[in-house]
Protein chains: 2
Amino acid sequence: MAANSQFAIAVHVLTVLAKGGGERVKSDYIAQSVNTNPVVIRRLLSNLQDANLVVSHVGASGGTSLAKLPKDIQLSEVYKAVACGEVFALPPKKPNENCPVGKNIAAVLCNLQKEIDKSVNEKLRQFTLRDVIERVDEA
Amino acid sequence: MAANSQFAIAVHVLTVLAKGGGERVKSDYIAQSVNTNPVVIRRLLSNLQDANLVVSHVGASGGTSLAKLPKDIQLSEVYKAVACGEVFALPPKKPNENCPVGKNIAAVLCNLQKEIDKSVNEKLRQFTLRDVIERVDEA
DNA sequence: TTCAATTGTAACTAAACTTATTACAGTATG
DNA sequence: CATACTGTAATAAGTTTAGTTACAATTGAA
């Protein structure tokens, strides 16, 4: 019944980077803000980098910064980069083909899943990192 | 990163009950259609019963039937009954209060979470069990 | 060139969660 | 009273997630 917290942590991390004002922020620093281990952060940053949302540099005075302006980072991109992308999973086992319901339900559930996931994506697309930063600043 | 399959299984189960035409369906039969253990089904039915979506009867010739017509069962009700209700989780650990971002991000994420979850609920409310049955029959 | 700082990632451990299974008490039905 | 169910506890097994240690590779600077 538990949902995944990767997305929330990713939004937190990106907000920290945005506050860094373009400077390279170290995984150690981010980890302290999120209150977790630097390796956990680096793994997350690796995903965000694959999605072209951040840029990391190795070596001394290395670190990570945003790859785009906060206004150009939609939360749907963040979600796609770090979450499984599914509000609910399809059943792990294949239904019984001999049952009239079991025979057809999988395809119906799959289509339903896509419709729901699409609506989540559209909702998340309405928010950018800038919106998040504004809310953090207002508080 | 894995989502939960309780909702999908619940929709499957309710479809089987609807196809039962008001007769009491046994957990054994449902389990065979879903391809899982009867106890797993009974636990799920217990949740659906708490939400007033089904009625179960113990004893010989016991079993479960729908508590309402398929057209009156919204998928949002099913989701609420068996899923955690959250598209993404808030971070398990409290952020660092000494960081300007960490100090305020939790509340922002919480509000964002509510907005997203609300939109999922609204989307699921657009579908009823009847819609699912129609799709199964069409296939 | 050498040293210190940092990322990237593998390997492993620990914790949490989900699913499956067994067992059996309680309750209808005939 | 015997049979056939549900409800649920207890437990085990499997899967996923988070945390930790370790270290190679890279960079920048003394």
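Per chain, numbering begins at 1; letters A, B, ... match sequence-line order.
Nearest to the side chain of B:Ser46, among D:dT8, C:dT9, D:dT6, sits D:dT8.
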If you apply the rule side chain to side chain contact (heavy atoms under 4.5 Å, CB included), what do you find for A:Thr36 with A:Ile30, and how did you get there? CA-CA 9 Å; A:Thr36 185; A:Ile30 303 173; over 6 Å; no
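Take A:Phe7 and apply the ring pair (Phe, Tyr, Trp, His ring centres under 6.0 Å) test, not counting sequence neighbours, and it matches A:Tyr79, B:Phe88.
Here D:dC5 presents its P atom at 13 Å from CD1 of B:Ile30, a figure rounded to the nearest Å. Computed from coordinates, the A:Asp28 CG to C:dA4 P distance equals 18 Å when rounded to whole Å. The nearest whole Å value for the distance from the NE2 atom in B:His12 to the P atom in C:dT19 is 15 Å. Between the P atom of C:dT6 and the NZ atom of A:Lys26 lies a distance of 5 Å, rounded to the nearest Å. When rounded to the nearest whole Å, the span between CG of B:Leu44 and P of D:dT6 equals 14 Å. In this structure, A:Tyr29 atom OH and C:dA5 atom C1' are separated by 19 Å, rounded to whole Å. Straight-line distance from the CG atom of A:Asn4 to the P atom of C:dC17: 12 Å, rounded to whole Å. Whole-Å rounding puts the A:Leu45 CG to C:dT9 C1' distance at 14 Å.
The side chain to side chain contact (heavy atoms under 4.5 Å, CB included) test with B:Thr64 singles out one residue from B:Val25, B:Leu14, B:Val54, B:Val13, and that residue is B:Val54.
Between the side chain of B:Gln49 and the backbone N or O of B:Ser56, at least one donor-acceptor pair lies under 3.5 Å. Judged by distance alone, the side chain of A:Asn104 and the main-chain N or O of A:Val101 form no donor-acceptor pair under 3.5 Å.
The side chain to side chain donor-acceptor pair (under 3.5 Å) pairs that include a residue from residues 11-32 of chain B are B:His12-B:Ser33, B:Lys19-B:Asp137, B:Arg24-B:His57, B:Ser27-B:Arg42, where partners are two or more places apart or lie in different chains.
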Scoring nucleotides 20-30 of chain C by protein non-hydrogen atoms under 4.0 Å (B base, S sugar-phosphate only, - none) yields BBBB---BBS-
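Contact between the side-chain N/O atoms of A:Ser5 and the OP1/OP2 oxygens of D:dA18 is found at a separation under 4.0 Å. Between B:Gln6 and C:dT19 there is a side-chain polar atom (N or O) within less than 4.0 angstrom of OP1 or OP2.
A:Glu77 and A:Lys68 are joined by a salt bridge, as a carboxylate oxygen and a charged side-chain nitrogen come within less than 4.0 angstrom of each other.
At a threshold of 4.0 angstrom between heavy atoms, the contacts of B:Ser27 are confined to the sugar-phosphate backbone, with no base atom among them.
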